[in-house]
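See structure below.
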Amino acid sequence: MSDGARRIVFMGSPDFAVPSLDALRASGRYSPRLVVSQPDRPRGRGQAVDPTPVRARALALGIPTITMTKETYATGVDAIREVQPEAIVVVAFGLILRADLLHMPAFGCINVHASLLPRHRGVSPIQAAILAGDEVTGCTTMRIDEGVDTGNVLLRAETPITGDDTAGTLTARLATIGAELLVRTLDGVFDGSVHEVAQDTHGATLTKKIRKHHGAIDWTRGAADVWRRVRAMTPWPSAFTYHRGRRLQIDAALPAEGRLANAEPGTIVSVEPLLVATGSGVLEIKTLRPEGRRAMTPAEFRAGNALEKGDVLRAAPVD
(Lines give C-alpha, C1' and ligand atoms only; values in the text may rest on other atoms or scores of the structure.)
Protein backbone atom coordinates (compact mmCIF):
# COMPACT_ATOMS: atom_id res chain seq x y z
CA MET A 1 0.00 0.00 0.00
CA SER A 2 1.35 3.39 -0.97
CA ASP A 3 2.39 5.68 1.88
CA GLY A 4 0.21 8.35 0.29
CA ALA A 5 -2.91 6.21 0.33
CA ARG A 6 -6.00 7.84 1.80
CA ARG A 7 -7.12 6.62 5.21
CA ILE A 8 -10.42 4.80 4.90
CA VAL A 9 -12.68 3.00 7.35
CA PHE A 10 -14.74 0.31 5.63
CA MET A 11 -18.07 -0.79 7.09
CA GLY A 12 -19.75 -3.84 5.55
CA SER A 13 -20.95 -7.35 6.27
CA PRO A 14 -22.24 -9.68 3.48
CA ASP A 15 -20.69 -11.17 0.34
CA PHE A 16 -21.99 -8.22 -1.67
CA ALA A 17 -19.52 -5.90 0.09
CA VAL A 18 -16.38 -8.04 -0.35
CA PRO A 19 -15.55 -6.89 -3.92
CA SER A 20 -15.69 -3.27 -2.74
CA LEU A 21 -13.18 -3.96 0.03
CA ASP A 22 -10.95 -5.79 -2.44
CA ALA A 23 -11.19 -2.93 -4.93
CA LEU A 24 -10.10 -0.36 -2.35
CA ARG A 25 -7.15 -2.49 -1.31
CA ALA A 26 -6.13 -3.22 -4.91
CA SER A 27 -6.31 0.43 -6.00
CA GLY A 28 -3.26 1.41 -3.99
CA ARG A 29 -4.87 4.81 -3.49
CA TYR A 30 -7.09 3.94 -0.55
CA SER A 31 -5.91 2.26 2.62
CA PRO A 32 -8.64 0.53 4.65
CA ARG A 33 -7.16 1.07 8.11
CA LEU A 34 -10.11 -0.54 9.90
CA VAL A 35 -12.98 -2.80 8.86
CA VAL A 36 -16.20 -2.68 10.87
CA SER A 37 -18.70 -5.50 10.50
CA GLN A 38 -21.64 -7.22 12.14
CA PRO A 39 -20.80 -9.71 14.94
CA ASP A 40 -19.83 -13.32 14.24
CA ARG A 41 -22.94 -15.50 14.20
CA PRO A 42 -23.89 -19.18 13.85
CA ARG A 43 -24.27 -20.03 10.17
CA GLY A 44 -25.17 -23.03 8.06
CA ARG A 45 -26.55 -26.39 9.07
CA GLY A 46 -23.80 -26.98 11.60
CA GLN A 47 -24.41 -23.57 13.17
CA ALA A 48 -20.67 -22.96 13.48
CA VAL A 49 -19.90 -19.42 14.61
CA ASP A 50 -18.24 -17.66 11.68
CA PRO A 51 -17.32 -14.07 10.90
CA THR A 52 -19.25 -12.18 8.23
CA PRO A 53 -17.79 -12.52 4.72
CA VAL A 54 -16.38 -8.99 4.96
CA ARG A 55 -14.70 -9.59 8.29
CA ALA A 56 -13.31 -12.92 7.08
CA ARG A 57 -11.83 -11.19 4.05
CA ALA A 58 -10.34 -8.39 6.15
CA LEU A 59 -8.72 -10.91 8.48
CA ALA A 60 -7.23 -12.71 5.47
CA LEU A 61 -5.85 -9.39 4.21
CA GLY A 62 -4.42 -8.52 7.60
CA ILE A 63 -6.67 -5.48 8.10
CA PRO A 64 -7.70 -4.73 11.70
CA THR A 65 -11.38 -5.44 12.33
CA ILE A 66 -14.00 -4.73 14.95
CA THR A 67 -17.64 -5.73 15.25
CA MET A 68 -20.36 -3.22 15.97
CA THR A 69 -23.99 -3.38 17.09
CA LYS A 70 -26.50 -0.93 18.50
CA GLU A 71 -25.30 -1.93 21.97
CA THR A 72 -21.60 -1.42 21.16
CA TYR A 73 -22.07 1.61 18.91
CA ALA A 74 -20.29 4.08 21.20
CA THR A 75 -17.26 1.81 21.58
CA GLY A 76 -17.16 1.40 17.81
CA VAL A 77 -17.23 5.15 17.27
CA ASP A 78 -14.24 5.53 19.60
CA ALA A 79 -12.29 2.90 17.65
CA ILE A 80 -13.10 4.59 14.35
CA ARG A 81 -12.12 8.00 15.70
CA GLU A 82 -8.67 6.66 16.63
CA VAL A 83 -8.03 5.82 12.97
CA GLN A 84 -8.76 9.44 11.95
CA PRO A 85 -10.37 8.38 8.66
CA GLU A 86 -10.52 10.81 5.76
CA ALA A 87 -13.64 8.99 4.55
CA ILE A 88 -15.90 6.22 5.78
CA VAL A 89 -17.21 3.77 3.18
CA VAL A 90 -20.39 1.82 3.91
CA VAL A 91 -21.49 -1.17 1.81
CA ALA A 92 -24.40 -3.23 3.15
CA PHE A 93 -23.26 -2.80 6.75
CA GLY A 94 -26.61 -3.40 8.43
CA LEU A 95 -26.65 -0.58 10.96
CA ILE A 96 -27.81 3.04 10.57
CA LEU A 97 -25.04 5.57 11.23
CA ARG A 98 -25.70 8.47 13.56
CA ALA A 99 -24.55 12.07 13.31
CA ASP A 100 -21.36 11.44 15.29
CA LEU A 101 -20.02 9.20 12.52
CA LEU A 102 -21.60 11.08 9.63
CA HIS A 103 -19.72 14.26 10.53
CA MET A 104 -16.44 12.67 11.61
CA PRO A 105 -14.40 12.32 8.37
CA ALA A 106 -13.42 15.37 6.31
CA PHE A 107 -14.67 13.76 3.08
CA GLY A 108 -17.80 12.31 4.62
CA CYS A 109 -19.48 8.92 4.65
CA ILE A 110 -20.08 7.30 1.26
CA ASN A 111 -22.46 4.43 0.58
CA VAL A 112 -22.75 1.93 -2.27
CA HIS A 113 -26.42 1.07 -2.77
CA ALA A 114 -27.65 -1.66 -5.13
CA SER A 115 -30.30 0.31 -7.03
CA LEU A 116 -30.73 3.44 -9.10
CA LEU A 117 -31.81 5.77 -6.33
CA PRO A 118 -34.32 7.04 -5.43
CA ARG A 119 -35.97 3.83 -6.68
CA HIS A 120 -35.76 0.92 -4.24
CA ARG A 121 -34.36 2.56 -1.15
CA GLY A 122 -34.00 0.25 1.83
CA VAL A 123 -32.69 -3.22 2.56
CA SER A 124 -33.90 -5.38 -0.36
CA PRO A 125 -33.34 -3.37 -3.54
CA ILE A 126 -32.23 -6.29 -5.71
CA GLN A 127 -35.23 -8.48 -4.95
CA ALA A 128 -37.51 -5.46 -5.28
CA ALA A 129 -36.21 -4.64 -8.76
CA ILE A 130 -36.92 -8.18 -9.99
CA LEU A 131 -40.35 -8.32 -8.34
CA ALA A 132 -41.30 -4.99 -9.91
CA GLY A 133 -40.36 -6.21 -13.37
CA ASP A 134 -37.74 -3.49 -13.81
CA GLU A 135 -35.75 -3.84 -17.01
CA VAL A 136 -32.76 -1.89 -15.70
CA THR A 137 -31.15 -1.53 -12.31
CA GLY A 138 -27.69 -0.61 -11.10
CA CYS A 139 -25.64 0.82 -8.27
CA THR A 140 -25.61 4.31 -6.80
CA THR A 141 -22.95 5.92 -4.65
CA MET A 142 -24.24 8.60 -2.33
CA ARG A 143 -23.44 10.76 0.66
CA ILE A 144 -25.00 9.20 3.73
CA ASP A 145 -27.38 11.38 5.71
CA GLU A 146 -29.65 10.49 8.61
CA GLY A 147 -32.46 9.22 6.38
CA VAL A 148 -32.85 5.79 4.77
CA ASP A 149 -30.91 6.04 1.48
CA THR A 150 -31.96 9.67 1.04
CA GLY A 151 -28.50 11.22 0.72
CA ASN A 152 -27.17 13.17 -2.24
CA VAL A 153 -26.20 11.05 -5.26
CA LEU A 154 -22.57 10.98 -6.39
CA LEU A 155 -22.40 8.49 -9.28
CA ARG A 156 -24.58 5.80 -10.87
CA ALA A 157 -23.91 2.74 -13.04
CA GLU A 158 -26.61 0.73 -14.81
CA THR A 159 -27.07 -2.88 -15.82
CA PRO A 160 -30.01 -4.61 -17.56
CA ILE A 161 -32.09 -7.21 -15.74
CA THR A 162 -32.46 -10.25 -17.98
CA GLY A 163 -35.09 -12.96 -17.84
CA ASP A 164 -32.40 -15.34 -16.61
CA ASP A 165 -31.40 -13.16 -13.67
CA THR A 166 -32.14 -14.29 -10.15
CA ALA A 167 -31.41 -12.33 -6.99
CA GLY A 168 -28.24 -14.40 -6.75
CA THR A 169 -26.87 -13.63 -10.22
CA LEU A 170 -27.89 -9.99 -10.04
CA THR A 171 -26.31 -9.56 -6.61
CA ALA A 172 -23.01 -10.94 -7.87
CA ARG A 173 -23.02 -8.65 -10.91
CA LEU A 174 -23.98 -5.57 -8.91
CA ALA A 175 -21.28 -6.32 -6.34
CA THR A 176 -18.66 -6.02 -9.09
CA ILE A 177 -20.30 -2.94 -10.58
CA GLY A 178 -20.54 -1.32 -7.16
CA ALA A 179 -16.88 -1.99 -6.39
CA GLU A 180 -15.74 -0.31 -9.60
CA LEU A 181 -18.13 2.58 -9.02
CA LEU A 182 -16.85 3.05 -5.47
CA VAL A 183 -13.25 3.57 -6.58
CA ARG A 184 -14.33 6.02 -9.29
CA THR A 185 -16.45 7.85 -6.74
CA LEU A 186 -13.63 8.19 -4.23
CA ASP A 187 -11.30 9.39 -6.97
CA GLY A 188 -13.82 12.10 -7.86
CA VAL A 189 -14.60 13.04 -4.27
CA PHE A 190 -10.95 13.49 -3.35
CA ASP A 191 -9.98 15.41 -6.51
CA GLY A 192 -13.21 17.44 -6.54
CA SER A 193 -14.43 16.25 -9.95
CA VAL A 194 -17.56 14.50 -8.66
CA HIS A 195 -20.40 16.78 -7.62
CA GLU A 196 -23.27 15.51 -5.53
CA VAL A 197 -26.86 15.97 -6.61
CA ALA A 198 -29.90 15.89 -4.36
CA GLN A 199 -32.23 12.96 -4.98
CA ASP A 200 -35.47 13.63 -6.80
CA THR A 201 -38.04 12.31 -4.36
CA HIS A 202 -40.53 11.79 -7.20
CA GLY A 203 -40.71 8.08 -7.86
CA ALA A 204 -38.93 7.12 -4.64
CA THR A 205 -39.80 3.66 -3.31
CA LEU A 206 -38.85 1.97 -0.05
CA THR A 207 -38.15 -1.76 0.22
CA LYS A 208 -38.63 -3.98 3.24
CA LYS A 209 -36.55 -6.83 4.58
CA ILE A 210 -37.18 -10.15 2.86
CA ARG A 211 -38.52 -12.81 5.22
CA LYS A 212 -38.96 -16.54 4.67
CA HIS A 213 -42.71 -16.24 4.19
CA HIS A 214 -42.19 -13.92 1.21
CA GLY A 215 -41.21 -16.99 -0.81
CA ALA A 216 -44.75 -18.42 -0.68
CA ILE A 217 -46.24 -18.52 -4.18
CA ASP A 218 -49.69 -17.00 -4.60
CA TRP A 219 -51.06 -18.82 -7.64
CA THR A 220 -53.89 -16.30 -8.01
CA ARG A 221 -51.30 -13.83 -9.31
CA GLY A 222 -50.37 -13.86 -12.99
CA ALA A 223 -47.75 -16.17 -14.49
CA ALA A 224 -45.31 -13.30 -15.03
CA ASP A 225 -45.68 -12.22 -11.40
CA VAL A 226 -45.03 -15.75 -10.10
CA TRP A 227 -42.04 -16.08 -12.44
CA ARG A 228 -40.55 -12.89 -11.04
CA ARG A 229 -41.10 -14.11 -7.47
CA VAL A 230 -39.27 -17.34 -8.20
CA ARG A 231 -36.30 -15.38 -9.54
CA ALA A 232 -36.38 -12.76 -6.77
CA MET A 233 -36.41 -15.38 -4.00
CA THR A 234 -33.53 -17.40 -5.45
CA PRO A 235 -31.28 -18.37 -3.73
CA TRP A 236 -32.90 -17.19 -0.47
CA PRO A 237 -35.46 -17.66 0.96
CA SER A 238 -36.56 -19.58 -2.17
CA ALA A 239 -40.00 -19.63 -3.76
CA PHE A 240 -42.14 -22.47 -2.50
CA THR A 241 -45.53 -24.12 -2.77
CA TYR A 242 -47.25 -27.19 -1.34
CA HIS A 243 -48.21 -30.37 -3.20
CA ARG A 244 -50.27 -32.96 -1.35
CA GLY A 245 -49.18 -31.37 1.93
CA ARG A 246 -45.47 -31.46 1.10
CA ARG A 247 -43.37 -28.35 0.60
CA LEU A 248 -41.85 -27.96 -2.85
CA GLN A 249 -39.20 -25.34 -3.61
CA ILE A 250 -39.40 -23.95 -7.14
CA ASP A 251 -35.91 -23.14 -8.42
CA ALA A 252 -36.64 -22.28 -12.04
CA ALA A 253 -39.77 -21.51 -14.05
CA LEU A 254 -40.99 -19.63 -17.11
CA PRO A 255 -44.32 -18.20 -18.24
CA ALA A 256 -45.71 -20.59 -20.85
CA GLU A 257 -46.26 -18.19 -23.72
CA GLY A 258 -49.48 -18.60 -25.67
CA ARG A 259 -51.01 -21.06 -23.21
CA LEU A 260 -54.25 -20.27 -21.40
CA ALA A 261 -55.89 -22.40 -18.76
CA ASN A 262 -59.47 -22.23 -17.62
CA ALA A 263 -58.64 -23.82 -14.29
CA GLU A 264 -58.39 -22.94 -10.62
CA PRO A 265 -55.09 -21.14 -9.94
CA GLY A 266 -52.48 -23.63 -8.78
CA THR A 267 -53.98 -26.52 -10.78
CA ILE A 268 -51.52 -28.69 -12.70
CA VAL A 269 -52.83 -28.67 -16.26
CA SER A 270 -50.03 -30.78 -17.73
CA VAL A 271 -47.30 -32.97 -16.27
CA GLU A 272 -45.08 -33.12 -19.37
CA PRO A 273 -44.14 -30.31 -19.52
CA LEU A 274 -45.14 -29.39 -15.96
CA LEU A 275 -47.63 -26.54 -16.40
CA VAL A 276 -49.53 -24.80 -13.61
CA ALA A 277 -52.53 -22.50 -14.03
CA THR A 278 -52.22 -19.05 -12.44
CA GLY A 279 -54.60 -16.15 -12.06
CA SER A 280 -53.54 -15.09 -15.55
CA GLY A 281 -51.75 -17.49 -17.87
CA VAL A 282 -49.75 -20.64 -17.26
CA LEU A 283 -46.36 -21.18 -15.62
CA GLU A 284 -43.97 -23.94 -16.66
CA ILE A 285 -41.92 -25.33 -13.78
CA LYS A 286 -38.42 -26.24 -14.96
CA THR A 287 -36.69 -27.22 -11.72
CA LEU A 288 -38.07 -28.07 -8.30
CA ARG A 289 -36.73 -29.30 -5.00
CA PRO A 290 -38.66 -31.41 -2.46
CA GLU A 291 -37.88 -30.41 1.11
CA GLY A 292 -34.56 -31.87 2.20
CA ARG A 293 -33.74 -33.14 -1.30
CA ARG A 294 -31.65 -32.03 -4.25
CA ALA A 295 -32.92 -29.97 -7.15
CA MET A 296 -34.51 -32.05 -9.91
CA THR A 297 -36.46 -31.82 -13.12
CA PRO A 298 -40.19 -32.55 -13.08
CA ALA A 299 -39.50 -35.88 -14.81
CA GLU A 300 -37.07 -36.86 -12.05
CA PHE A 301 -39.59 -35.85 -9.43
CA ARG A 302 -42.35 -37.90 -11.05
CA ALA A 303 -40.13 -40.98 -11.04
CA GLY A 304 -40.43 -41.20 -7.26
CA ASN A 305 -43.50 -39.14 -6.42
CA ALA A 306 -47.16 -39.02 -7.39
CA LEU A 307 -47.78 -36.01 -9.60
CA GLU A 308 -50.92 -35.92 -11.71
CA LYS A 309 -52.84 -33.58 -13.93
CA GLY A 310 -55.55 -31.95 -11.80
CA ASP A 311 -53.44 -31.81 -8.62
CA VAL A 312 -53.57 -28.37 -7.00
CA LEU A 313 -50.49 -26.55 -5.70
CA ARG A 314 -51.20 -24.32 -2.73
CA ALA A 315 -49.54 -21.47 -0.85
CA ALA A 316 -49.93 -23.32 2.47
CA PRO A 317 -50.25 -26.98 3.50
CA VAL A 318 -53.74 -28.37 3.74
CA ASP A 319 -54.51 -30.80 6.59
Side-chain angles (χ1 to χ4, degrees), residues 13-16 38-53 56 94 123-124 126-128 130-131 163-172 208-221 223 225-256 263-278 282-319:
S13 298
D15 287 318
F16 177 82
Q38 291 283 309
D40 302 355
R41 291 192 176 96
R43 303 173 200 280
R45 290 188 177 182
Q47 292 294 283
V49 177
D50 293 321
T52 67
V123 295
S124 305
I126 295 172
Q127 293 91 337
I130 295 174
L131 286 170
D164 294 326
D165 271 323
T166 65
T169 62
L170 193 52
T171 295
K208 296 181 179 180
K209 186 173 182 178
I210 296 295
R211 307 286 185 182
K212 286 185 178 181
H213 70 268
H214 291 137
I217 295 173
D218 178 0
W219 293 104
T220 67
R221 306 298 293 268
D225 183 276
V226 176
W227 170 56
R228 290 192 294 265
R229 183 159 300 274
V230 169
R231 293 162 50 220
M233 299 298 138
T234 300
W236 192 91
S238 80
F240 61 89
T241 190
Y242 287 87
H243 172 251
R244 300 190 179 189
R246 295 178 59 197
R247 188 179 188 274
L248 290 180
Q249 177 177 317
I250 308 301
D251 288 347
L254 279 173
E264 176 190 351
T267 301
I268 295 175
V269 295
S270 167
V271 295
E272 190 176 354
L274 181 52
L275 302 178
V276 184
T278 72
V282 175
L283 189 81
E284 180 179 356
I285 296 176
K286 295 284 192 179
T287 311
L288 50 80
R289 189 189 305 259
E291 192 164 20
R293 303 279 301 281
R294 66 174 178 84
M296 58 186 69
T297 65
E300 290 171 326
F301 179 79
R302 291 199 312 275
N305 300 273
L307 184 70
E308 299 176 3
K309 182 178 178 180
D311 286 355
V312 179
L313 302 181
R314 303 186 185 279
V318 177
D319 296 332

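Predicted, not measured: the structure shown is a model, and the values here were computed from it.
By the 4.5 Å heavy-atom criterion applied to side chains, His243 and Pro290 are not counted as neighbours. You'll find the side chain of His214 stays beyond 4.5 Å of the side chain of Gln127, heavy atoms only. Arg244 is listed as a side-chain neighbour of Glu308, based on a closest heavy-atom distance under 4.5 Å. With a 4.5 Å cut-off on side-chain heavy atoms, Ile285 and Leu313 count as touching.
For the residue pair Arg246 and Asn305, a side-chain donor N or O sits within less than 3.5 Å of a side-chain acceptor on the partner.
For Arg294, the salt bridge (Lys or Arg N to Asp or Glu O under 4.0 Å) partners at least two apart in sequence or on another chain are Glu300. Taking Thr234 as the reference, nothing meets the side chain to side chain donor-acceptor pair (under 3.5 Å) condition, with sequence neighbours excluded. Not counting sequence neighbours, the partners of Arg221 by the salt bridge (Lys or Arg N to Asp or Glu O under 4.0 Å) test are Asp225. Asp15 is linked by a salt bridge (Lys or Arg N to Asp or Glu O under 4.0 Å) to nothing, counting only residues two or more places apart in sequence or in another chain. For Lys286, the side chain to side chain donor-acceptor pair (under 3.5 Å) partners are Glu284, not counting sequence neighbours. Applying the salt bridge (Lys or Arg N to Asp or Glu O under 4.0 Å) test to Glu291 and every residue at least two apart in sequence or in another chain returns nothing.
The CH2 atom of Trp227 sits 10.0 Å away from the CD1 atom of Ile130 when rounded to the nearest 0.5 Å. To the nearest 0.5 angstrom, Ile250 atom CD1 is 11.0 Å from Arg289 atom CZ. With rounding to the nearest 0.5 Å, the separation of CE in Met296 from CG in Leu288 is 7.0 Å. Taken from CD1 in Ile268 to CG in Asp311, the straight-line distance is 5.0 Å, to the nearest 0.5 Å. Taken from CD1 in Ile210 to CG in Leu131, the straight-line distance is 6.5 Å, to the nearest 0.5 Å. Here the straight-line distance linking atom CZ of Arg228 with atom CG of Asp165 works out to 14.0 Å at 0.5 Å rounding.
The main-chain N or O of Leu248 is never found under 3.5 Å from a side-chain atom of Thr241 such that the two would form a donor-acceptor pair.
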Output, in order, the C-alpha distance, side-chain angles, deciding distance and verdict of side-chain contact (heavy atoms from CB on, under 4.5 Å) for Phe301 and Leu274. CA-CA 11 Å; Phe301 179 79; Leu274 181 52; over 6 Å; no

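Gly163 and Arg231 make their closest contact through O-NE, 3.4 Å (heavy atoms, listed as atom of the first residue, atom of the second, distance). Residues Trp236 and Arg211 approach most closely at CH2-C, 4.3 Å, considering heavy atoms. The two residues Trp219 and Ala277 have their closest heavy-atom pair at CE3-O, 4.1 Å. Residues Asp40 and Thr52 approach most closely at OD1-N, 4.4 Å, considering heavy atoms. Here the closest non-hydrogen pair linking Thr169 and Asp164 is OG1-O, 4.3 Å. The two residues Arg247 and Phe240 make their nearest non-hydrogen contact at NH2-CD2, 3.1 Å.
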